[in-house]
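We use all heavy atoms of the structure for the numbers below, so side chains are in, but hydrogens, waters and symmetry mates are not. Heads up: numbering here begins at 1 and tracks the sequence.
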Amino acid sequence: MGQQLLSLCLVETRRLLWLMGMMIVVIIVFQCFELPYGNVILPLFSAGRVWEVGNSTLHIGNSPSKPEMIGNMTLLNGSNSTDAYAIHERTNNTGTSKWMARNPKNGFVSDRNGSSHKSLGLDEDNHANESSSENLEWLNRNSTVAYIKNSSNVSAPQEAKEPKKSFYQNDGKSSVGEVGKATNTTAPEDIGRSGADSASPAPALAPINSSSNPASTIVLDTNIRTPVVDSKTSILETNGTTTSESSVKSGQLQIGLTPSGNNPSVNRVPELANGHEIPTSPVISISGMNDLLLQSHPSYQSMAPRWSSAVDQELLYAKSLIENAPIVKNDPKLYAPLYRNVSMFKRSYELMEGTLKVYIYREGEKPIFHQPPLKGIYASEGWFMKLLEANKKLVTKNPRKAHLFYLPFSSRALEITLYVPNSHSRENLIQYLKNYLDMIAVKHPFWNRTAGADHFLVACHDWAPDETKKHMAKCIRALCNADMKEGFVLGKDVSLPETYVRLTRNPLRDVGGNPPSRRSILAFFAGNMHGYVRPILLKHWGNKDPDMKIFGRMADGKGNKKYIQHMKSSKYCVCAKGYEVNSPRVVEAIFYECVPVIISDNFVPPFFEVLNWESFAVFVLEKDIPNLKRILLSIPEKRYLELQMGVKRVQQHFLWHARPVKYDIFHMILHSIWSNRLHQIRPR
């Protein structure tokens, strides 16, 4: 009897051990494949503990809110999240984002006129644009269009570097303020400008019920480590790369965020009257950008060249001379308050004039290459190309003597020539540029020497950031659409002034304005209702206050004389963003000697590396539009006169000349490119 009982116990013990083993196997399988049951099984063993699975962490209940890394994805379970399930994808290393939320919309490709495929009929500035035939008189209509798909491989990010002191640093220091606290915001339903990838509708996602937090939100963050902008912490560099790029991105905004709940530090914009929800995002102030610039200049460095060159030593020597620039006390052409450091700027400019050589690739077919448009709101890229190609002093025919290499394409011509109406895709445009790069990389050794870090482009079309972010990410990109949240890299990229040129024969027509005593209008704006900011501006101030001349599109005669006269007669000219952060009104205000009031969150103003914009412009957050008049009236008269004087003195840097003159806009664009190359140069 005892022997039988012992045998029975052994059998039952084996069965029990077998069952326990099977349970452990099932648990391991569920955990390895990250099935949703993991959130149910793990609480059986622990409550509120952080579980380590490989290199990832899974947070349960009230555990610390650190992200879980699953491959190249981040899993967040924040206690302040809502029950909206969202996926946020970061594309490569640009900061451009795509949101898929509960009720997504189509993210069609749009131009300044709001159309998903048409070219401009009216420009952003309330000016009647030239007819299509006049606008495209430079366009070769016999060009062929290639429809090509694009693909890229992603490599692992690199480690962040400790920021060093910038040689453009002022004695005074600015802080980011409350920006770092704005790390939780509501995901916008769509970003219509996010390019080809946003053309198709995103699937709706159902909420997840967690056993420990029923209001949890999961955010998948791919291919990038998000930098956090905080007043007490330094910038973490990001480096999501493709086969042709691996740039470290310092000074970029964190935009892969969970919903904010009741976070009071997030700047919110009022909802439109028609009920459309306005996307919210972290906002970085102009003083915050100043602080980021000081960190990004020393922290962003390109890869060391694959082989040494004499031009690298020349750049390193020039950089050392700028760092030890002699003090400039009184220069009649340079008004010191306008600059971050007038002594270093002057020395840098002089060295650029005497040292810099640019090689322009002869390859590339017209009209996209070597045939720029010179009229309209995208004229900056055209005028720069025209003047550089004609400059025998700066341009060299020997590429081995070149410090910089220019990619001479027009982003506007690229759109007109290749974009397929109603396609909602720019992939063929991107692939066209990639094919060009592949061709010059095979034909010339210079691209491969630095992976493009000593190459630059000048592009003013709204789509240029998206078209160049993959295969030209390491290039110095001079962009009109200089948006911090869309991948603009402080310390590497250059903010290009957007200038509206009406007459190519006389770009300086009507320059200047009335003296301060004859400026009776407090603030003026007129323009089409592009984007979400302008309708808010019109809602609060349109025809509601005699001091605030805020209009929609102003009916005007030929030459826009009424519009121009309003600018010449106003103390402040409101420069409200349209579809994108940039607007020609910024340069127009300076052109007509009106103090610009820039309402465009996260916009990096032109020549930011050199100019102290707060000495001649006013920056108003989008959320403060209801208080616009109070803000302007709070500026003392003495301060206004200083600002207006600054506008008049800085005007020389924003004027096109048929033959370039010292310190004009052509030379300032080139200087910003030169300056950023000096900052990122590395010895071999």
Side-chain angles (χ1 to χ4, degrees), residues 125 172 174-179 267 269 283-291 293 335 337-340 482 484 495 497-498 513-516 519-527 533-534 536-538 540-541 545 547-550 566-578 581-608 610-651 653-654:
D125 298 286
S174 58
S175 62
V176 181
E178 297 297 318
V179 178
N267 295 322
V269 188
V283 176
I284 185 165
S285 66
I286 191 68
S287 60
M289 289 183 190
N290 291 332
D291 196 56
L293 180 66
Y335 183 51
L338 299 177
Y339 306 94
R340 296 179 178 275
M484 285 285 290
S495 180
E498 183 173 2
N514 297 335
R519 292 180 176 266
S520 58
I521 302 171
L522 176 63
F524 166 69
F525 173 86
V533 169
R534 296 181 185 181
I536 297 174
L537 181 68
L538 193 66
H540 285 280
W541 298 108
D545 192 304
D547 295 329
M548 306 286 287
K549 303 295 183 182
I550 308 298
H566 271 76
M567 276 204 155
K568 288 176 176 281
S569 303
S570 299
K571 295 177 67 176
Y572 299 98
C573 290
V574 177
C575 309
K577 67 175 289 185
V581 293
N582 51 301
S583 168
R585 281 177 185 77
V586 176
V587 176
E588 277 188 325
I590 296 171
F591 195 84
Y592 299 121
E593 299 174 0
C594 178
V595 177
V597 178
I598 299 175
I599 308 178
S600 181
D601 292 351
N602 305 319
F603 171 56
V604 181
F607 311 139
F608 190 65
V610 171
L611 296 179
N612 173 23
W613 273 81
E614 292 172 290
S615 66
F616 59 91
V618 177
F619 292 83
V620 176
L621 295 175
E622 295 167 9
K623 71 181 183 67
D624 291 331
I625 289 176
N627 302 319
L628 180 58
K629 183 177 181 180
R630 181 181 60 80
I631 291 171
L632 297 180
L633 289 177
S634 69
I635 300 174
E637 182 67 15
K638 181 181 178 181
R639 175 59 179 159
Y640 163 72
L641 294 175
E642 292 173 350
L643 291 169
Q644 207 271 339
M645 173 60 70
V647 169
K648 294 183 67 174
R649 298 296 296 270
V650 83
Q651 186 186 73
H653 298 320
F654 293 89

message: Within this structure, what is the CD1-CG distance for the pair I521 and D547, rounded to the nearest 0.5 Å?
response: 10.0 Å
statement: For V620 and V597, the nearest pair of non-hydrogen atoms, with its separation, is CG2-CG1, 3.8 Å
field: Taking every non-hydrogen atom, the tightest pair across V650 and L338
entry: N-CD1, 3.6 Å
query: Taking the inter-plane angle between the rings of W613 and F619 on a 0 to 90° scale, is it parallel (under 30°), tilted (30 to 60°) or perpendicular (over 60°)?
result: perpendicular
field: Closest approach of R534 to G527 (non-hydrogen atoms, all atoms of both residues)
entry: NH1-C, 4.5 Å
- prompt: Would you say the side chain of L522 lies within less than 4.5 Å of the side chain of L633, judging by non-hydrogen atoms?
  reply: yes
- request: Hey, could you give me the CG/OG distance between L611 and S495, rounded to the nearest 0.5 Å?
  value: 10.5 Å
message: What verdict does the side chain to side chain contact (heavy atoms under 4.5 Å, CB included) test give for I550 and F524, after you've listed the backbone C-alpha separation in whole Å, the side-chain angles of each residue and the deciding distance to 0.1 Å?
response: CA-CA 6 Å; I550 308 298; F524 166 69; over 6 Å; no
field: Chi angles and distances behind the side chain to side chain contact (heavy atoms under 4.5 Å, CB included) call for N290, F608
entry: CA-CA 9 Å; N290 291 332; F608 190 65; 3.1 Å; yes
message: If you apply the rule side chain to side chain contact (heavy atoms under 4.5 Å, CB included), what do you find for E498 with V587, and how did you get there?
response: CA-CA 7 Å; E498 183 173 2; V587 176; 5.8 Å; no
task: To the nearest 0.5 Å, tell me how far R519 CZ sits from C594 SG.
output: 5.5 Å
task: Indicate yes or no for a side-chain donor-acceptor contact from S570 to the backbone of M567 under 3.5 Å, with no hydrogens or angles considered.
output: no
Nearest-0.5 Å distance that lies between atom NE2 in H540 and atom CG in N627: 9.0 Å
- line: When rounded to the nearest 0.5 Å, the distance separating CZ of F603 from SG of C575 is 9.0 Å
query: Is the closest side-chain heavy-atom distance between I599 and V533 below 4.5 Å?
result: yes
message: Quick one: does any side-chain atom of S600 pair with a main-chain N or O of V581 as donor and acceptor, under 3.5 Å?
response: yes
- request: Find the distance between CE (M484) and CG (D601) and round it off to the nearest 0.5 Å.
  value: 12.0 Å
field: Test item: S615 side-chain N/O and P337 main-chain N/O as donor-acceptor pair under 3.5 Å
entry: yes
message: One pair to check against side chain to side chain contact (heavy atoms under 4.5 Å, CB included): L628 and V574. What are the steps and the verdict?
response: CA-CA 10 Å; L628 180 58; V574 177; 4.2 Å; yes
task: Kindly say whether the aromatic ring centers of F525 and H566 come within a distance under 6.0 Å.
output: no
- line: Only residue of Y592, F591, F607 satisfying ring-ring contact (aromatic ring centres under 6.0 Å, His included) with F654 is F607
Under 3.5 Å, side-chain donor or acceptor atoms of residues 635-648 against the rest of the protein: list the pairs with distances, not counting sequence neighbours.
residue, atom, partner, partner atom, Å
E637, OE1, K571, NZ, 3.4
R639, NH2, E614, O, 2.6
Q644, NE2, E593, O, 3.1

message: Could you tell me if the side chain of W541 sits less than 4.5 Å from the side chain of K629, heavy atoms only?
response: yes
